[in-house]
K.L.:
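The structure that follows is given in the form of structure tokens.
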There are 2 protein chains.
Amino acid sequence: MSLRNALLAMLTSQPMTGYDVYKNFQTSVGYVWHAPDSQIYPELRRMEQDGLIRGESVAWGKRGTKKRYSITEAGVESFQRWLNEPPDYQRERDPIRLRAAYLEWADPKASMDFFTAHIAYHSARIDDWKEMIRTLRDHSNPTLAKRIEGKPPEDADRITAYKVFAYEGMIARARAEIEWAEGGLDLVGKLEKTDQAKPLDDPQ
Amino acid sequence: MSLRNALLAMLTSQPMTGYDVYKNFQTSVGYVWHAPDSQIYPELRRMEQDGLIRGESVAWGKRGTKKRYSITEAGVESFQRWLNEPPDYQRERDPIRLRAAYLEWADPKASMDFFTAHIAYHSARIDDWKEMIRTLRDHSNPTLAKRIEGKPPEDADRITAYKVFAYEGMIARARAEIEWAEGGLDLVGKLEKTDQAKPLDDPQ
DNA sequence: ACAGACTATCTATGGCGATAGATAGTCGGC
DNA sequence: GCCGACTATCTATCGCCATAGATAGTCTGT
């Protein structure tokens, strides 16, 4: 159900076409939620049927048309209902930790690469999110700008603060991952330091 | 493909029935990976077809039988190949952060509850994982005991260390979540402190 | 001897999501 | 006036996963 709410969230800022949403999922909002277009278009159609959004065809060039969706009152209510619900957590399913738990079976070199890749990945994400926070804080983010236009400054600040805070959460988690992976590099170095160290290749 | 590798990982310790696997996914290993039985049994059948595991019917009581699976050499190879691959990361899809980013639409009380629930959830997980680490360190964990039996102490230590380290990673991440959520409580308290503060209920 | 808890396995349905590929129109630049 | 990049939308398939429910045997205690 989160895809639906991610779409509603976006449409609270301004009316958008499926393609606009898709683009946003690849950049800004995409750092928190992502979906391919093959999921977006059908979901928008279903949401229209459910009365959460309303679509209107708008001209695009001479012959082309596109469909722009606006959130309805029912859509806002549904979105708020979701926000007010207690969160639900699914059971853990963590491929990274799963692998880490069995590194005695891996090649030591591959284990080092694994942690190095983990650090690189999360460092890159931190850069993305920091940049995102920058565009939020200076209001150069177009979606945010649309969202706060015409609002009193306190509301604008409040809206911005929650978004910044969400990205700070992503950064905090990524930092924890990096620290952990650095510990992993140390651990592998310590445990596999001898030349003759090799992965277990004999089951049982 | 991670379910398959989680199953292989478990079977490197000892032969197991589908039900054994299911039980483990509800407790010990379940803190890192989880799957319902309706996923486990068919996947085991497919893995047997692919030659990664071998099943044998064993008697159970007078009339009953159960199927116990052992990992094959091909299974070990496949598992190691996975461990040596570079990790792949999917795009972000974070319902918690998604919600946090739009709390201006939520009821302040619900926002507080949201962060409180987040803290409670992750605190509970930390307790689980700490207990898990305890049973690993003192070798009272039966799966680990089976896994290291007959192995020289250095190997036993190495095997244990990776497992402990994986759970430490879970704990580190959970701590980051708790810290973030505490910041969330402060933020909501600060932004919504006035009595007349209420969620935006006017779209556009 | 029976109840109740547990072991063991299976099927069905539906949503979510990844991947791939198809179609068609627009717009800017050479 | 055509090409290439982009906008806009759609379909199909497949694997993963949640949820629900069915079946049948075992084991323990009263």
Side-chain angles (χ1 to χ4, degrees), chain A residues 1-8 10 15-27 29-30 32-50 53 55-69 82 87-95 98, chain B residues 1-8 10 15-27 29-30 32-50 53 55-69 82 87-95 98:
Chain A
M1 273 301 88
S2 280
L3 169 60
R4 179 165 287 212
N5 288 297
L7 295 173
L8 289 176
M10 249 190 262
M16 285 184 185
T17 67
Y19 191 71
D20 292 335
V21 169
Y22 164 67
K23 285 269 122 177
N24 274 311
F25 272 159
Q26 289 198 318
T27 56
V29 193
V32 172
W33 198 268
H34 173 261
D37 65 329
S38 63
Q39 238 191 312
I40 294 166
Y41 289 111
E43 183 64 22
L44 287 173
R45 271 180 267 140
R46 261 173 266 135
M47 288 164 73
E48 184 173 20
Q49 282 202 324
D50 294 348
I53 58 178
E56 39 154 4
S57 285
V58 294
W60 168 53
K62 285 190 257 304
R63 262 160 309 176
T65 53
K66 55 183 180 178
K67 201 154 186 187
R68 185 162 45 206
Y69 292 99
W82 175 68
D88 72 319
Y89 296 88
Q90 25 261 87
R91 305 291 308 262
E92 298 293 336
R93 201 171 266 118
D94 186 336
L98 178 63
Chain B
M1 274 300 88
S2 279
L3 169 61
R4 178 164 289 213
N5 288 298
L7 295 173
L8 289 175
M10 250 190 261
M16 284 183 185
T17 67
Y19 191 71
D20 292 335
V21 169
Y22 164 67
K23 285 270 122 176
N24 274 311
F25 271 160
Q26 288 197 320
T27 56
V29 192
V32 172
W33 198 269
H34 174 260
D37 65 327
S38 63
Q39 237 191 312
I40 294 166
Y41 289 111
E43 183 63 23
L44 286 172
R45 271 181 266 141
R46 260 173 266 133
M47 288 165 73
E48 185 173 20
Q49 283 204 324
D50 293 349
I53 58 179
E56 39 155 3
S57 285
V58 294
W60 167 53
K62 288 190 252 304
R63 263 160 307 179
T65 53
K66 54 183 179 177
K67 201 155 186 188
R68 185 161 46 207
Y69 292 99
W82 175 68
D88 72 321
Y89 295 87
Q90 25 260 87
R91 304 291 308 263
E92 299 293 337
R93 199 171 268 117
D94 186 336
L98 178 62

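Every heavy atom of this structure was used, including side-chain atoms; hydrogens, water molecules and symmetry mates were not. We name chains A, B, ... by the order of the sequence lines, and we start the count at 1 in each one.
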K.L.:
With a 4.0 Å limit, can you tell me whether A/Arg45 has a side-chain N or O closer than that to the phosphate oxygens OP1/OP2 of D/dT9?
P.N.:
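Checking A/Arg45 against D/dT9: no side-chain N or O falls below 4.0 Å of OP1 or OP2.
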
K.L.:
Does C/dT7 have its OP1 or OP2 closer than 4.0 Å to a side-chain nitrogen or oxygen of B/Tyr19?
P.N.:
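For C/dT7, OP1 or OP2 has a side-chain N or O of B/Tyr19 closer than 4.0 Å.
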
K.L.:
Could you give the CG-to-P distance, from A/Asp94 to D/dC17, as a whole number of Å?
P.N.:
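Computing the A/Asp94:CG to D/dC17:P distance gives 13 Å.
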
K.L.:
Do B/Thr17 and B/Leu44 have side chains that approach each other closer than 4.5 Å (heavy atoms only, starting at C-beta)?
P.N.:
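A side-chain contact under 4.5 Å is absent here.
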
K.L.:
Under a 4.0 Å N-O cut-off, is there an ion pair linking A/Lys67 with A/Glu56?
P.N.:
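Between A/Glu56 and A/Lys67 there is no salt bridge, as every charged N stays at least 4.0 Å from the carboxylate O atoms.
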
K.L.:
Looking only at side-chain N and O atoms, does A/Gln39 come under 4.0 Å of OP1 or OP2 in C/dC16?
P.N.:
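False: A/Gln39 side-chain N/O out of range (4.0 Å or more) of C/dC16 OP1/OP2.
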
K.L.:
Check the distance between D/dT11's P and A/Glu43's CD and give it to me in whole angstrom.
P.N.:
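Going from CD in A/Glu43 over to P in D/dT11 covers 15 Å.
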
K.L.:
Using atom OH of B/Tyr22 as one end and atom C1' of D/dC17 as the other, report the distance to the nearest whole Å.
P.N.:
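Rounding to the nearest Å, OH of B/Tyr22 and C1' of D/dC17 are 15 Å apart.
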
K.L.:
Are OP1 or OP2 of D/dT19 and a side-chain N or O of A/Arg91 less than 4.0 angstrom apart?
P.N.:
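The answer is no; no side-chain N or O of A/Arg91 sits under 4.0 Å from OP1 or OP2.
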
K.L.:
Taking only side-chain nitrogens and oxygens of A/Tyr41, does any of them come within less than 4.0 Å of OP1 or OP2 of D/dT9?
P.N.:
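Yes, A/Tyr41 has a side-chain N/O under 4.0 Å of OP1/OP2 on D/dT9.
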
K.L.:
Between A/Arg46 and C/dG14, does any side-chain N or O lie under 4.0 Å from OP1 or OP2?
P.N.:
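So the side chain of A/Arg46 is outside the cut-off, no N or O lying under 4.0 Å from OP1 or OP2 of C/dG14.
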
K.L.:
Is there a donor in the side chain of A/Asn5 and an acceptor in the side chain of A/Ser2, or the other way round, less than 3.5 Å apart?
P.N.:
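Short answer, no.
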
K.L.:
Between A/Lys23 and D/dT7, is there a contact of a side-chain N or O with OP1 or OP2 at under 4.0 Å?
P.N.:
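Yes, within the criterion.
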
K.L.:
Side chains of B/Trp33 and B/Leu3: closer than 4.5 Å at any heavy-atom pair?
P.N.:
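B/Trp33 vs B/Leu3: side chains touch.
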
K.L.:
Rounded to whole angstrom units, what separation is found between the CD atom of A/Gln90 and the P atom of D/dC16?
P.N.:
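After rounding, the reported distance stands at 17 Å.
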
K.L.:
If you pin B/Ser2 and A/Arg68 to their nearest nucleotides in DNA chain D, which one's is more 5'?
P.N.:
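Of the two residues, A/Arg68 wins.
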
K.L.:
Determine, for B/Arg45 against B/Glu48, whether the closest basic-nitrogen to carboxylate-oxygen distance falls under 4.0 angstrom.
P.N.:
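Salt bridge between B/Arg45 and B/Glu48, a charged N being under 4.0 Å from a carboxylate O: no.
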
K.L.:
Between A/Arg4 and A/Asp50, does any side-chain N to carboxylate O distance fall below 4.0 Å?
P.N.:
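Between A/Asp50 and A/Arg4 there is a salt bridge, with a charged N closer than 4.0 Å to a carboxylate O.
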
K.L.:
Whole Å only: how far is the CD1 atom of B/Ile40 from the P atom of C/dC10?
P.N.:
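Atom-to-atom, B/Ile40 to C/dC10, this comes out as 12 Å.
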
K.L.:
Please confirm whether the shortest side-chain N or O distance from B/Arg93 to OP1 or OP2 of C/dA18 is below 4.0 Å.
P.N.:
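Yes.
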
K.L.:
Closer to the 5' end of DNA chain C via nearest nucleotide, is it B/Pro42 or B/Lys66?
P.N.:
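Its nucleotide being nearer the 5' end, the pick is B/Lys66.
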
K.L.:
Rounded to whole angstroms, how far apart are NE2 on B/His34 and C1' on D/dC17?
P.N.:
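In whole Å, D/dC17 C1' and B/His34 NE2 are 10 Å from each other.
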
K.L.:
To the nearest 10°, give me the bend of the helix from C/dA1-D/dT30 to C/dC30-D/dG1, comparing the axes of its five terminal pairs at either end.
P.N.:
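Here the helix ends are tilted 10° relative to one another.
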
K.L.:
Of all the nucleotides listed (D/dC10, C/dT9, D/dA8), which has the minimum atom distance to the side chain of B/Thr17?
P.N.:
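In terms of side-chain proximity for B/Thr17, the closest of D/dC10, C/dT9, D/dA8 is C/dT9.
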
K.L.:
B/Asn5 CG to D/dG15 P: how many Å, rounded?
P.N.:
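Whole-Å distance recorded here is 16 Å.
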
K.L.:
Is a donor-acceptor contact shorter than 3.5 angstrom present between the side chain of B/Ser38 and the base of D/dT19?
P.N.:
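Under the 3.5 Å cut-off, the side chain and the base do form a donor-acceptor pair.
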
K.L.:
To the side chain of A/Trp60, which of C/dT9, D/dA18, C/dG25 is closest?
P.N.:
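Closest of the options to the side chain of A/Trp60: C/dG25.
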
K.L.:
Any non-hydrogen side-chain atom of A/Trp60 less than 4.5 Å from a side-chain atom of A/Thr65?
P.N.:
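Result no, sub-4.5 Å side-chain heavy-atom pair not found.
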
K.L.:
How about B/Val32 and A/Glu92: do any of their side-chain heavy atoms sit closer than 4.5 Å?
P.N.:
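No - every pair of side-chain heavy atoms lies 4.5 Å or more apart.
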
K.L.:
Rounded to whole Å, how long is the line connecting atom CG of B/Leu3 with atom P of C/dC16?
P.N.:
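Taking CG of B/Leu3 and P of C/dC16, I get 21 Å after rounding.
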
K.L.:
Among D/dC17, C/dA8, D/dA8, which nucleotide sits nearest the side chain of A/Asp20?
P.N.:
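The answer is D/dA8.
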
